[in-house]
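Here's the structure, in C-alpha cells; my notes come after.
Just so you know, ligand 1 is whichever comes first in the structure, and atom 1 is the first atom listed for that ligand.
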Amino acid sequence: MENALQVMDLSLKINGNTILDNISFTIHKGELCLLCGRNGAGKSQLLRTIKGLRKADQGTILLRETEADEKTRMKKIALVFQNAEMQIVSQSVEKDIAFGPENMGLGREEVQRRVQTALSLIGLEDKAKQRPQTLSGGELRKCAIAGILAMEPEVILLDEPFANLDYPSTLTVIKSLLSLREKGYSILVVSHEAEKFIALTDTLFIMDKGQIKEKGASSDLFSKLPEYDIYLPKNAVFKDLTWLKH
Ligand SMILES: Nc1ncnc2c1ncn2[C@@H]1O[C@H](COP(=O)(O)OP(=O)(O)OP(=O)(O)O)[C@@H](O)[C@H]1O
Ligand SMILES: [Mg+2]
C-alpha cells in the first residue's frame with residue numbers, strides 16, 4: 001500500500017508542557033482512519049501540527065515518501081475544523097466552495113471544474129445556488145468539506161465532523177467520507193463519537209496524554225477501547241451502519 005502521510009517522532013511542547021510526545025504513525029492512500037482519545041489527549045494539536053499551523057519541536061512529516069515542511073503541508077493537507085461551517089460567509093454554496101481555489105490563483109475554468117467536482121463528490125449539487133445561511137447543519141458541514149475538496153488536498157484531516165449533527169446528518173457526512181475513500185483520498189477523522197463510525201474505518205489510533213497508545217486495524221482494537229474510557233453501546237447504532245460499506 002502506498003504511503004500518503006508518515007508522521008515520525010513528532011513532539012510538541014507548549015509553554016514547557018509536553019503536548020505531543022514522540023508520535024509516529026502512517027496513513028496509506030485511500031485509508032480511512034479514526035483517532036480517539038480523552039479530552040485534552042492532544043488530538044486537535046496533533047492535527048494542527050500535521051497541517052503545518054504549528055511548528056513541532058521535533059519530528060519529520062512525509063507526504064508520499066517525501067519530507068514536507070510546514071509550507072508544503074499547508075498546501076497539500078486539508079484540515080476541517082470542528083466549527084468549519086462558522087467560517088462560511090459567501091452568498092451561495094458554489095461561491096463558498098470556489099473561494100479556496102480562487103485564492104490559490106487558479107483560472108476561472110479550473111475553479112468551475114473543481115467546484116462541480118466537489119459538489120458532486122459530497123452530494124450537494126442541488127444546493128449549489130442556495131444561500132449557506134439556509135442550509136441545514138449537516139448540509140453546512142458538507143459545504144465546509146466540499147470547500148476543502150475543491151483545493152484537491154492529498155490528505156484530509158477532520159476534527160469532530162459529527163459534533164452537533166443529528167443522526168441523518170451524521171449519516172450524510174459519513175456517506176460523503178466513504179465516497180471520498182473510494183476516490184482514493186486519505187482521511188484521518190478525530191471523533192468522540194466512535195460508535196457512529198468505527199465499524200467503517202480501516203485503522204484506529206488511540207491517543208492518551210500526548211502519545212499514541214494503540215494503533216492497528218479498527219476491528220482488532222474494539223476490546224481496548226474501554227481502557228481509554230471509550231464505550232461502544234450494545235444497541236444497533238453502529239451495527240446498523242455496516243451496510244454503508246457495500
Ligand atoms: N496554547 C496553549 N497553551 C497551553 N496549553 C495548551 C495550549 N493549547 C493546547 N494546550 C493543551 O494541550 C492539550 C491538548 O489539547 P488538544 O486541544 O489537542 O486536546 P484534544 O485531544 O483535542 O481534546 P478534546 O477532545 O477536548 O478536543 C490540552 O491539555 C490543552 O490544555
Ligand atoms: Mg480537540
Side-chain angles (χ1 to χ4, degrees), residues 5-27 32-61 68 70 73-74 77-88 137-138 140-142 144-145 147-148 153 155-166 169-170 173-174 177 186-198 200-201 203-216 218 221-222 224-233 237-238:
L5 170 76
Q6 287 160 277
V7 175
M8 292 154 73
D9 303 322
L10 194 73
S11 292
L12 172 75
K13 281 191 175 154
I14 302 179
N15 301 333
N17 297 319
T18 299
I19 307 294
L20 302 177
D21 187 3
N22 226 24
I23 292 206
S24 299
F25 65 91
T26 297
I27 295 177
L32 180 55
C33 308
L34 173 63
L35 171 63
C36 297
R38 295 185 180 95
N39 290 138
K43 306 178 298 295
S44 295
Q45 292 303 331
L46 176 60
L47 296 191
R48 294 176 74 85
T49 310
I50 294 172
K51 162 85 175 153
L53 289 166
R54 268 197 180 281
K55 196 167 167 43
D57 294 300
Q58 177 203 302
T60 314
I61 295 178
E70 284 86 13
R73 280 160 20 222
M74 283 297 286
I77 300 178
L79 171 57
V80 182
F81 292 98
Q82 181 168 339
N83 292 317
E85 59 274 16
M86 305 281 282
Q87 290 153 12
I88 295 174
L140 266 175
R141 190 70 52 86
K142 285 167 79 174
I145 297 173
I148 292 288
V155 174
I156 305 177
L157 314 172
L158 299 105
D159 204 349
E160 300 289 353
F162 315 123
N164 294 323
L165 296 187
D166 67 8
S169 299
T170 301
V173 172
I174 288 177
L177 294 178
S186 314
I187 307 169
L188 175 62
V189 175
V190 164
S191 178
H192 283 114
E193 292 149 285
E195 73 283 0
K196 292 183 178 162
F197 191 50
I198 195 165
L200 304 161
T201 59
T203 307
L204 177 68
F205 304 108
I206 305 179
M207 242 184 122
D208 198 33
K209 299 191 180 103
Q211 298 178 339
I212 300 261
K213 298 283 192 183
E214 312 282 349
K215 54 184 158 185
S218 301
L221 289 176
F222 283 177
K224 295 271 184 195
L225 291 169
E227 290 175 34
Y228 301 92
D229 297 327
I230 302 161
Y231 299 97
L232 299 179
V237 173
F238 101 96

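Proximity of a side-chain donor or acceptor of K213 to a complementary backbone N or O of M207 within less than 3.5 Å is not detected.
Between K43 and D159 there is no salt bridge, since no side-chain N of the basic residue sits under 4.0 Å from a carboxylate O of the acidic one. With respect to the salt-bridge test (charged N to carboxylate O, under 4.0 angstrom), the residues D21 and K209 do not qualify.
Assignment of G37 to the shell around ligand 1 is not supported, since no heavy atom sits closer than 4.0 Å. Using a 4.0 Å heavy-atom cutoff, H192 is listed among the residues neighbouring ligand 1.
Taking all heavy atoms of D159, I14, D208 into account, the minimum distance to atom 3 (N) of ligand 1 is reached by I14. Taking only non-hydrogen atoms, the option from N39, N15, I19 nearest to atom 11 (C) of ligand 1 is I19.
Inter-residue side-chain proximity for V7 and T49 is flagged as unmet; no heavy-atom pair is nearer than 4.5 Å. Contact check for L34 versus S191: side-chain heavy atoms found under the 4.5 Å cut-off. Counting only heavy atoms from C-beta outward, the side chains of I198 and L221 never approach each other to under 4.5 Å. A heavy-atom distance below 4.5 Å is found between the side chains of F25 and L188.
If you check which protein heavy atom lies closest to atom 25 (O) of ligand 1, you get K43 NZ, 2.7 Å. Nearest protein heavy-atom contact of atom 17 (O) of ligand 1 is S44 CB, 3.6 Å. Counting protein heavy atoms only, atom 29 (O) of ligand 1 is closest to G40 O, 3.8 Å. Of the protein's non-hydrogen atoms, the one nearest atom 18 (O) of ligand 1 is Q45 N, 2.9 Å.
Distance check for S44 against the Mg ion (ligand 2): an N/O/S atom falls below 2.8 Å.
Under the 4.0 Å distance rule, the nearest protein heavy atom to atom 31 (O) of ligand 1 falls outside the cut-off.
Ligand 1 has no N or O atom lying under 3.5 Å from any N or O atom of L46, backbone or side chain.
To the nearest 0.5 Å, atoms CG (L157) and CG (L79) are separated by 5.5 Å.
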